[in-house]
Amino acid sequence: MANPLDFPPLGPAFGLPDAWSSDTLQFARATHADVPVMRALFNSNARLADVDPSFGEWPSEVYDELVAQQNEGREATYPLGVRLIRRGDGSAIGYCHYRFNFPNDGMFTIAMFVLGFDFQGQHHGREALGSLVAQARRDPRIHSACAEVYVTNDGALSFWFRQGFDRIMRKRSTEDHGRTFRSMMLCRNLRDDQ
Ligand SMILES: CC(C)(COP(=O)(O)OP(=O)(O)OC[C@H]1O[C@@H](n2cnc3c(N)ncnc32)[C@H](O)[C@@H]1OP(=O)(O)O)[C@@H](O)C(=O)NCCC(=O)NCCS
């Protein structure tokens, strides 16, 4: 019988449900039709480009490619998923994308987690991240969740720390337009309370 902690997995493929809900939010697998709203939500944070080089302006093709790269159900070990986050009234407020078993087996990396500027500071982020992590944690093979955060993105740093991502796994420097940006891979242990 497959041991649920084995790598490479002998059990079910890694992946999150296509859709689920939390108290006030809904999550759904992003489609190409969602690309304009994803791009608008992301670009509403353009002011962050000065402190976080992820927030440059990207053409639609970059989002299309990301949506097309989703491979849950097709790639057994390292699936990548993108989920659009909506409020109960149906308005899209943000999105996230993630990869299983990256950078190491048993880790769930949140590669982007973003809310539109108008939807920030209302505890939607806390609820959405809590729900995303709760879904990943249902798989007993996943022991940690991680996110890469630029140290100059003060708001994001406070947010991730407040959500329990307080273990620094590694530090990195990136060159962007002649500037050096430092980032940290922050992790949260998902098995502490078991
Ligand atoms: C970071 C982000 C996801 C947080 O979501 P949010 O809905 O604004 O945050 P919440 O209202 O749920 O706040 C949760 C906690 O984080 C703290 N926090 C959130 N944003 C903060 C900020 N800019 N400065 C300081 N603390 C902040 C809050 O004080 C809150 O603490 P509390 O639980 O004690 O009240 C959202 O603001 C965002 O998308 N920002 C721009 C994109 C970004 O930087 N993404 C992260 C890339 S690594």
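Read the numbers this way: they start at 1 and go in the same order the structure lists the ligands and their atoms.
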**Request:** Run the ring-centre check on F108 versus Y98 and record whether the distance is less than 6.0 Å.
**Result:** yes
| Does the ring centre of F42 sit less than 6.0 Å away from the ring centre of F55? |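 Yes, the ring of F55 comes within the 6.0 Å limit of the ring of F42, centre to centre.
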Nearest heavy atom to atom 17 (C) of ligand 1, choosing from M112, R162, E127, belongs to R162
Ligand-side contact atoms (ligand 1) for residue partner Q122, heavy atom cut-off under 4.0 Å: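 Here the atoms of ligand 1 in question are 11 (O).
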The atoms of ligand 1 lying under 4.0 Å from a heavy atom of G121, numbered in the order shown, are 6 (P), 7 (O), 8 (O), 11 (O)
How about atom 29 (O) of ligand 1: does it have a protein heavy atom within less than 4.0 Å?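 Within 4.0 Å of atom 29 (O) of ligand 1, no protein heavy atoms are found.
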ask   = Given the protein's heavy atoms, is any one of them under 4.0 Å from atom 3 (C) of ligand 1?
value =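 When distances to the protein are checked, atom 3 (C) of ligand 1 has a heavy atom within 4.0 Å.
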Where is the nearest protein heavy atom to [atom]: which residue, which atom, and how far?
atom	value
atom 45 (N) of ligand 1	F113 O, 3.0 Å
atom 19 (C) of ligand 1	F159 CB, 3.9 Å
atom 13 (O) of ligand 1	H123 CD2, 3.8 Å
atom 5 (O) of ligand 1	G125 CA, 3.5 Å

query = Could E148 and R170 be called an ion pair, given the rule that one side-chain N must be under 4.0 Å from one carboxylate O?
reply =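 Salt bridge: yes.
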Self-check item: Pair E61 + R39: basic N to acidic O under 4.0 Å
Solution: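 Salt bridge between E61 and R39, a charged N being under 4.0 Å from a carboxylate O: no.
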Minimum heavy-atom separation for C146 and F165, please, with both atom names.
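Distance-wise, the nearest heavy atoms are N-CE2, 3.8 Å.
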